[in-house]
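In what follows, a structure is listed as structure tokens, so that the remarks can point back to it.
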Number of protein chains: 2
Amino acid sequence: MNAAAAVESLTRSVEDYLKAIYRLSPEGRHASTSEIAHLLELSAPSVSGMVKRLSELGLLEHVPYKGVQLTAEGRRAALRMVRRHRLIEAYLVAFLGYSWDGVHEEAERLEHAVSDTLVERMAAVLGNPTVDPHGDPIPAPDGSIHEPASVPLAEIPAGRTVEICRVDQSQPERLRYIASIGLKPGVEVRVTDRQPFRGPITIEAEGRTHVIGHELGQVLFCAPRDDR
Amino acid sequence: MNAAAAVESLTRSVEDYLKAIYRLSPEGRHASTSEIAHLLELSAPSVSGMVKRLSELGLLEHVPYKGVQLTAEGRRAALRMVRRHRLIEAYLVAFLGYSWDGVHEEAERLEHAVSDTLVERMAAVLGNPTVDPHGDPIPAPDGSIHEPASVPLAEIPAGRTVEICRVDQSQPERLRYIASIGLKPGVEVRVTDRQPFRGPITIEAEGRTHVIGHELGQVLFCAPRDDR
DNA sequence: GTCCAGATTTAGTGTCGGCTAAACCTGTGT
DNA sequence: ACACAGGTTTAGCCGACACTAAATCTGGAC
Ligand SMILES: [Mn+2]
Ligand SMILES: [Mn+2]
Ligand SMILES: [Mn+2]
Ligand SMILES: [Mn+2]
């Protein structure tokens, strides 16, 4: 109802809900109560209650028993948080010696405490980057964002050369392994072999050869290189 | 009672209470309910309630109707926050273009969100400073702190030369004025004239002459120079 | 068309941390 | 000795946000 919920002065909880719902409802899909609960590690009833309050605030559209979507207002608030989160990650990696498996946790708290001024100062000294350390795009201050098309490495046919552009960050342990074999956004990779039935993939990166499981190949995303 | 309150995982509220009480009870004095309420801009009953909880947690000693003091545990927690606050201020000024009248507000929020790791990284890139931008001493990681002796500029007799070492930061507006006439920690100041009855003080700093009110002279602190 | 498992919501509770109004204590003045 | 003002505490309230247990809906199997 209330169309003018102040995007500033939202609670830490609320901000995290909005970010989660943003992640879970791409392209007009609905995010379900249980998906949200699982992502935020909360009970389903807690989510139900918050969903009710947020839709009364005008940040969500709730279809009972189906799920929720962000309103324009909610989307703006969510993208604001995503921008903060990713810029903070970039800043910590660039200037304070963080590695990409540790930044997420720190950013998860800081994103709620920084002022708009501070975020923009960080962006400025970073040179207004467009991607974070995991290759995720950083929304512009006005909320616009464009997800560049990308394909899982696991779907690249043998023989092709591609560039890693994004890495799933959900498991820090896995992130550490990925870093240890030199894979990160910007690195060129040549797929030299692919075994069938979700079998291992052999790649060449930075002059070295690695054999990775199919599962890993699904969380490494590549730019679909126009091979000329 | 509970002697082992985890200093980590205190609430933002609790951390601010402890910091306030630390400021208000130097050298075994008691901080009164109304002093705390005034400093934190809360009602007296709110403070009464929190004081009860904190003393049950073992962070305070409460003498009803007299006031509170920090326990060793509470003092440790408070100094941890003071260190965070002052290091964050120093970092923001050194690396992110903040001026000393704006940092306090930002630090007031960030101090609750940073990890120990981040604080120490900031300290490291700053070269482990011992004072913040206002000249306030930064407690060591182990909680030790030493307040260097200092005298208000208003008490320096005419003819003496002193060095500004600390500036009261409670009024941003005043802080801006002080900065505008070039006074900041480290600057040398010669007192050329002092009028009686809390009258104006004439000083020379950085080659320029300024006349300041007595009141201002009371919030500018100087190292008592051993004139050799 | 009915039934059931699983998802979702509602009901009821608890803690934290704020508030106002009212009761209470304490030190000071007479 | 005692009243009173001002500070302090208690009583009672509320909103935010979590939880568990119970009720309810819904989509798919049959
Ligand atoms: Mn967060
Ligand atoms: Mn990221
Ligand atoms: Mn604070
Ligand atoms: Mn300071």
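Because the structure is predicted, anything quoted here is derived from the model rather than measured.
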For [X], what residues pass the side-chain hydrogen bond (donor to acceptor under 3.5 Å, both in side chains) criterion, not counting sequence neighbours?
X	result
Asn128(B)	none
Glu155(A)	none
Arg121(B)	none
Glu120(B)	Arg83(B)

Any salt bridge (Lys or Arg N to Asp or Glu O under 4.0 Å) pairs touching [range], not counting sequence neighbours?
range	result
residues 122-142 of chain B	Asp136(B)-Arg166(B)
residues 44-53 of chain B	none
residues 92-104 of chain A	Asp101(A)-Arg176(A)

Could you state the CG-P distance from Leu54(B) to dT9(D), rounded to the nearest angstrom? 13 Å
Which of residues 18-40 of chain B sit near DNA chain C, with a heavy atom under 4.0 Å from it? none
Mind listing the residues from residues 44-53 of chain A sitting with a heavy atom below 4.0 Å of DNA chain C? Number order is fine. Ala44(A), Pro45(A), Ser48(A), Lys52(A)
ring-ring contact (aromatic ring centres under 6.0 Å, His included) with Tyr17(A): which residues, sequence neighbours excluded? none
Contacted region of DNA chain C by chain A, from 5' end to 3' end of the hits, cut-off under 4.0 Å to heavy atoms, spans dT8(C) to dT10(C)
Which pairs, protein N/O on one side and nucleotides 24-29 of chain D N/O on the other, fall under 3.5 Å?
unit_1, atom_1, unit_2, atom_2, d
dC25(D), O4', Tyr65(A), OH, 3.4

